[in-house]
Amino acid sequence: MVRGVSGMQYVCRYDSPLGPMLLAAEGDWLTGAWFEGQKYFGRTLAAGRAEGDAPVLTLARRWLEVYFSGREPDFAVPLRPSGTPFQQEVWAALREIPYGQTTTYGAIARQMAARRGLPRLAAQAVGGAVGRNPICILVPCHRVLGADGSLTGYAGGVERKRRLLEMESPLRPCGPQLQ
């Protein structure tokens, strides 16, 4: 097994029930998880990356196995997504959304505006940051809905978003039928 060292990025494939994924790690941190072909796929990948394994990639694959078995993982994977300070703040808000629950872009914008002492923050700005999340599923951007409860704006595709939400809450149908 190749061990990740700071500065070296390792990638591996993961065959999820929703399609192939690419996982990336640097040192002890997961830095990327994308469905192949999704919007912004591999945006944060290093040019000198190597196919291989690292303990955090093994942990991430185990986390995804538990998740895709229909259970909430009871352990954490160390995450280090690369982005602007604003994106980091949005992604931190995403990690606060409980398993099986959803929120809206507007609700996140209001929460962030209140924390900053601002009268408002544009939901579109939040949406832009959500869409550029480099660690899908583990940073649960799929749990964010449009103001009317619609399934909008998932870089991995709306059908994947629907299936992820239905997997987390099998008793709640997702999508237009809720409107």
Side-chain angles (χ1 to χ4, degrees), residues 11 14 16-25 29-45 56-57 59-61 63-68 70-73 75-113 115 121-170 172-176 178:
V11 296
Y14 174 76
S16 88
L18 300 181
M21 297 180 71
L22 183 69
L23 307 178
W29 303 93
L30 187 70
T31 58
W34 304 271
F35 285 106
E36 288 190 8
Q38 80 173 50
K39 192 173 184 180
Y40 306 113
F41 176 81
R43 179 177 61 84
T44 59
L45 288 175
V56 72
L57 291 173
L59 185 64
R61 286 192 307 271
W63 190 99
L64 288 166
E65 289 295 326
V66 170
Y67 179 85
F68 282 117
R71 296 173 300 162
E72 179 180 7
F75 59 95
V77 176
L79 307 175
R80 184 177 284 162
S82 178
T84 68
F86 179 78
Q87 290 170 334
Q88 296 287 344
E89 188 177 352
V90 170
W91 300 335
L94 297 178
R95 290 191 297 271
E96 294 174 9
I97 306 168
Y99 179 90
Q101 296 184 30
T102 59
T103 191
T104 65
Y105 298 99
I108 294 172
R110 286 188 296 279
Q111 173 189 15
M112 289 176 60
R115 254 195 306 242
L121 187 65
Q124 292 86 350
V126 169
V130 169
R132 286 173 177 77
N133 167 24
I135 305 177
C136 74
I137 304 175
L138 292 97
V139 176
C141 51
H142 62 278
R143 296 180 188 152
V144 184
L145 307 175
D148 62 357
S150 61
L151 302 179
T152 60
Y154 188 60
V158 173
E159 185 54 32
R160 277 193 183 117
K161 183 174 190 168
R162 176 187 317 279
R163 291 184 61 194
L164 290 167
L165 291 172
E166 288 173 346
M167 186 174 17
E168 289 184 19
S169 292
R172 182 188 74 218
C174 297
L178 293 178

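Side chains are part of it too, since the values below use all heavy atoms of this structure and drop only hydrogens, waters and symmetry mates.
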Treating Lys161 as the side-chain partner and Val144 as the backbone partner, does any N or O pair qualify as donor plus acceptor under 3.5 Å? yes
Report the relative orientation of the aromatic rings in Tyr67 and His142; use parallel for angles under 30°, tilted for 30 to 60°, perpendicular for over 60°. perpendicular
If I compare all heavy atoms of Phe68 with all of Leu164, which pair ends up nearest, and what's the gap? CE2-CD2, 4.0 Å
So CE of Met21 and CG of Leu64: to nearest 0.5 Å the spacing works out to 5.5 Å
Do Trp91 and Leu79 come close enough that some side-chain heavy atom pair is under 4.5 Å? no
Main-chain N/O of Leu18 paired with Ser16 side-chain donor or acceptor, under 3.5 Å: yes
Under-4.0 Å salt bridge between Glu166 and Arg163: no
If I compare all heavy atoms of Phe86 with all of Leu121, which pair ends up nearest, and what's the gap? CE1-CD2, 3.9 Å
A side-chain contact here means heavy atoms from C-beta on lying under 4.5 Å apart; do Gln111 and Thr103 qualify? no
Separation between OH of Tyr105 and CZ of Arg110, rounded to the nearest 0.5 Å: 14.0 Å
Donor-acceptor contact below 3.5 Å, side chain Ser169 vs main chain Gly100: yes
Sequence neighbours left out, what passes ring-ring contact (aromatic ring centres under 6.0 Å, His included) with Phe35? Give chain and number order. none
Rounded to the nearest 0.5 Å, what separates atom CD1 in Ile135 from atom CZ in Arg95? 7.5 Å
For a quick test of reading the model, state the closest non-hydrogen atom pair linking Val130 to Cys141 and the distance between them. CG1-CB, 3.5 Å
Short side-chain to backbone donor-acceptor contact, Arg143 and Ile97, under 3.5 Å: yes
Taking all non-hydrogen atoms of both residues into account, name the closest pair between Leu59 and Pro78 and its distance. CD2-CD, 3.8 Å
Mind checking the OG1-CG spacing from Thr31 to Leu45? Nearest 0.5 Å is all I need. 7.5 Å
Under a 3.5 Å distance rule, please check whether Gln88 uses its side chain to pair with a backbone N or O of Pro81 as donor and acceptor. yes
Nearest non-hydrogen partners of Tyr14 and Leu23, listed with the distance: CB-CD1, 4.1 Å
Residues Tyr154 and Gln38: side-chain donor-acceptor under 3.5 angstrom: no
Interatomic distance, Leu94 atom CG to Gln87 atom CD [nearest 0.5 angstrom]: 11.0 Å
All heavy atoms of Val11 vs all of Ala24, minimum pair found to be CG1-CB, 3.9 Å
Within-4.5 Å side-chain heavy-atom neighbours: Cys136 and Arg160: no
